[in-house]
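See below for the structure under consideration.
Computed over heavy atoms, backbone and side chain alike; hydrogens, waters and symmetry mates excluded. Counting from 1, the numbers follow the sequence of the chain as shown. Whatever order the structure lists them in is the order used to number ligands and atoms, beginning at 1.
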Amino acid sequence: MNQHSLFKNRTSVLATMHQKERVIAPIVEQKLGIKVLVPPDFNTDVFGTFTRVVKRRGTQIEAARFKAEKAMAITGETLAFASEGSFGPHPLMPYVPVNREIVIFLDKVNNIEIVGQELSTETNYSHQLVHSVEEAYSFAQRVGFPEHGLVIIVGDAAIVQGEVIKGITTKEQLFDAVKFCLNKSSTGQVHIETDMRAMYNPTRMKNIEKATLNLSEKITQVCPECSWPGFDVVESQKGLPCAFCHLPTQLIRSVIYRCKKCAFSREELFPHGQETADPSKCQYCNP
Ligand SMILES: [Zn+2]
Ligand SMILES: [Zn+2]
């Protein structure tokens with residue numbers, strides 16, 4: 001992979017306090033030739049956490065951008081990376097949980113912003129109300145504990161006010177936390193959920209790694225005219241012809257790449273490698 005001369009041997013700052021450098025730094029250093037520095041005591045929790053103690057500000061990309069800018073302001077560096085994850089129901093299959101990870105790259109000197117992402121159904125994201133240690137342990141066994149950490153919250157997680165115990169990784173810690181919180185609970189139940197912070201969640205860490213690989217590919221895609229990094233798809237056009245009747249379908253026929261620096265653009269036909277659509281996707285052949 002070509003290391004871009006704009007970034008080579010520069011130092012970047014990675015805004016994390018959840019050990020995301022374990023997967024982000026090797027890719028950034030090897031594929032892009034950029035050094036990675038993690039500021040000590042960088043508190044990303046003020047930007048929003050998964051345990052809902054602090055609500056996240058803005059969209060996922062805005063939150064990541066904010067962290068990256070903050071890290072540059074603190075350190076005085078001009079390159080930054082930050083990542084942000086979200087968890088929720090799959091847009092097409094509401095019973096399937098999905099993890100969207102984005103990794104943002106900012107270059108303040110050259111005014112560059114590039115975002116990589118990974119959308120994955122590989123996640124243990126889950127929560128439940130439990131009434132006993134046994135019930136909590138059976139939840140734990142379903143979500144990859146103890147390799148994946150857990151969180152115990154007194155009462156209803158939607159109105160977090162009481163006790164929150166995070167980063168539970170041993171059976172003893174789990175049993176103690178459940179007993180402790182059950183004692184404090186007025187309803188006889190506690191909330192148990194997966195700890196989604198990267199260092200407590202190897203499945204999520206893997207998705208952050210994939211998002212970083214996606215980002216490094218985008219950074220190394222350069223404009224054929226001016227070599228500016230981040231030559232990427234900005235729009236797609238429908239109309240892939242039906243294999244049977246040849247009329248245009250709703251499927252993608254082409255994508256447009258555009259340079260953010262010189263505005264050079266290029267159309268790529270049949271981005272998914274297929275020149276016709278299956279007649280089952282055609283509104284005339286299969287209305
Ligand atoms: Zn260009
Ligand atoms: Zn047709």
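With a 6.0 Å radius and a threshold of 12 heavy atoms from other residues, nucleotides or ligands, Lys206 has its NZ atom at or below the threshold.
If you look at Tyr137 and Phe175, their ring centroids are closer than 6.0 Å.
Remark: side-chain polar atoms of Gln60 are paired, donor with acceptor, to backbone N or O of Arg100 under 3.5 angstrom.
Rounded to the nearest 10 degrees, the angle SG (Cys242) to the Zn ion (ligand 2) to SG (Cys285) equals 110°. Rounding to 10°, one obtains 120° for the angle at the Zn ion (ligand 1) between SG (Cys226) and SG (Cys262). Rounded to 10°, the angle that SG of Cys223 and SG of Cys259 form at the Zn ion (ligand 1) is 100°.
Using bins of under 30°, 30° to 60° and over 60° for the plane-to-plane angle, the ring pair Phe7/His4 lands in the tilted bin.
Among the backbone and side-chain atoms of His246, no N/O/S atom is found under 2.8 Å from the Zn ion (ligand 2).
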